[in-house]
Amino acid sequence: MAWVRDAFSEVVETCLRVLPWPTLPRLIRVGHPGRDAPVLLTCNYDLTVRRVLRALRGQNAFLLVAPTRGINVWCSAAGGMFTAHQVISILRTSGIEREVDHRRLILPQLSATGVERKLVQERTGWHAVFGPVEARDLPAYLATNHKTNEMRHVRFPLLRRLEMAVTWAFPVSAIGGVILALGWPRLVLPFVAMAWTIAVALFGFFPWLGGRAEHGARETPGWTRYLVFFDPSIRRLLVVWLAFVAGLCGFEYWKDAWNIHALIGWGLASLFIVLLVGMDLAGSTPLYKSGLHEDRLLHIELDSDACQGRAMCWEVCPKNCYVIDTERHKALIALPDACVQCGACVVQCPEDALAFVTPSGQRIPIETIRKYKLNLLGRRAIAVTPQADAAHSGGSRREA
Amino acid sequence: MRILESAPERYDFGIRLLSLGRINSVYGRVSQLARGPDTLDLGCGTGNLARRLAARGHRVTGVDLSPEMLDVARLKAPPGAALNWVQAGAVELVDCFPPASFDTIASVLMFSELSPAERAETLRQCHRLLRAGGQLLIADEVRAGTFGRRALQTMLRAPLAAITYALTQTSTHAVRGLEEEIAAAGFSLLRRESNRLGDFTLLEAERKEARDGVGA
Ligand SMILES: C[S@@+](CC[C@H](N)C(=O)[O-])C[C@H]1O[C@@H](n2cnc3c(N)ncnc32)[C@H](O)[C@@H]1O
Ligand code: SF4
Ligand code: SF4
């Protein structure tokens, strides 16, 4: 009956996906791994661990579950909870070193924003490589030892989008439903139906609605991030709302029971839901970074002289922004507009040839990104300016 | 939800609220017991304990995983105090300090954030970093011993924890079996002080000389 329990956890955790769902950091044996079996590592978000294990069915491998506070790979890496330190911790405490003869570790590609491989190597002797983005590509990757462009690319297919719709619809309809049940039990069902319809529409039509902050040439003052609703791309969300209101009108016309109060009431309620769910539509996806963050207008600058063409940027970019000129041994940013500012390339470039630049032309020190990540989940105590960074760029080494 | 470091500037307020102000007496008691003079504050957070120890004349090193927490600690440190900050995980102490570097290692509310395997490894490394007869001081939230007390603990804490989390994204977590783990890492327990409810404990232990080679 293990699959019943599994399916149940899957449903519950999908509905409550906004919460961390930690599982014990540990070493898991998949199949019958030998002393040369591959060693993979993932976050300790329960849903992810189960999905990776499903993808690895039939393989022989070791899977390390790192203590990332029960948060998924992408969010914990960008939020500074999936860094070299968590990798070092599980390498040291899981007993894996006694199990295998090699020291090669396969990390999920989306952890590249957080994990500094150099520190892992220095402190443990393990050499880390970035495997595919998706767990389902692991068997092919392990079989060929080769990562295709496809495996590097982050996508947001319909099934994933519907999952995110559930993630939003469930808490919104649960909280709203409970409140309504206290005073207006008749309204519970229509409200719940509305929340699910809107969430499914927003995420279902996501590719056509956009939802990403545009790369503006002009720097907007910090407070404008509270006005994301007025972001040009977000205005398109209103299409979903208008469609919903049109649906309401159609329904009343069909029932031949015009009730202007109900229309206004539901119209406003649906607008609220659209804005709530749409508020951070971009941040709910693996495609874009959160639009609620002040750093959303950064772009990548490449110092061609420093670049040695070792292609780490190309290896970790989830949007395939880079091409490598193999003759001149130089990287080129072929698709600058596809960049989602995840920071993976900046963190991983061995020559420090890449950096984020603000719209006003300020270069953000690379050490700052390595140390604080993009910190999407939290806030910095100290504003990131070139000066502030100079004062303590000690990284993880001992400071005087 | 334990995104503790996500709001380091609110951490101090959060932890005072969650402990109903008692956290200050914990820092006080720990710094009173600490012998020093070379003292490590492990999981130092915003440096509340480290500053008190420095004020008592210790040479203090604060270690924490979170660069944001350490930023707050640096801002709060009085100029010229014998304080030094290192960003590292608890199982990376041996990478940062040579053996026998400290007389005292103190740690408040950090062990409860580690996995059991991490606790064991951290204690082993503490053993290595302490000088002969060195002192280990751990103050943390523990799971109350009896079922009745545990239920009481949960009931009393839940609403407070929810409010604190909502306001400050700060939370804590109770640990089990710490005394056995300390003993297993080669320490002898000298002192145990608990609050009335039995959910917060201060443990003092001393580095046993490595007859059996544990951790040496
Ligand atoms: C609840 S706070 C306690 C802070 C401080 N000791 C106090 O009493 O105010 C826990 C601290 O432990 C740190 N921490 C958590 N896991 C850690 C680890 N594995 N290594 C080092 N520090 C860690 C966190 O960054 C956080 O600052
Ligand atoms: S990782 Fe850095 S050095 Fe290597 S190709 Fe990319 S930009 Fe050039
Ligand atoms: S180019 Fe942009 S999307 Fe690609 S790795 Fe760098 S920051 Fe991320």
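Residue numbers begin at 1 in each chain, while the letters A, B, ... track the order of the sequences. In this text the structure is predicted, and so the values were computed from the model without any measurement.
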Neighbour count >12 (heavy atoms, 6.0 Å) for atom CZ, B:Arg176: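 Incorrect, the count does not exceed 12.
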Any heavy-atom pair between the side chains of B:Ser115 and A:Pro25 that's under 4.5 Å?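 Yes, at least one pair of side-chain atoms sits under 4.5 Å.
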Can you tell me how far apart CD (B:Glu92) and CG (A:Leu119) are? Round to the nearest 0.5 Å.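 It comes to 6.5 Å.
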Chain A heavy atoms under 4.5 Å from B:Val94: which part of the residue, side chain, backbone, both or neither?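 Contact with chain A: side chain only.
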For B:Leu65, give me all partners under side-chain contact (heavy atoms from CB on, under 4.5 Å), at least two apart in sequence or on another chain.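 Per chain and number, B:Leu65 pairs via side-chain contact (heavy atoms from CB on, under 4.5 Å) with A:His85, A:Gln86.
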Please list, chain by chain and in numerical order, all residues satisfying side-chain contact (heavy atoms from CB on, under 4.5 Å) with A:Glu163, sequence neighbours excluded.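 side-chain contact (heavy atoms from CB on, under 4.5 Å) list for A:Glu163, sorted by chain: A:Thr14, A:Arg17, A:Arg51, A:Arg160.
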Check the pair A:Ser89, B:Glu118 against side chain to side chain donor-acceptor pair (under 3.5 Å), reporting the backbone distance first and the verdict last. CA-CA 7 Å; A:Ser89 168; B:Glu118 283 180 311; 2.5 Å; yes
Chi angles and distances behind the side-chain contact (heavy atoms from CB on, under 4.5 Å) call for A:Arg123, B:Cys96: CA-CA 10 Å; A:Arg123 296 205 168 161; B:Cys96 304; 4.1 Å; yes
Keeping A:Arg92 on the side-chain end and B:Val91 on the backbone end, is there a donor-acceptor pair under 3.5 Å?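 Checking the backbone N and O of B:Val91 against the side chain of A:Arg92, a donor-acceptor pair under 3.5 Å is found.
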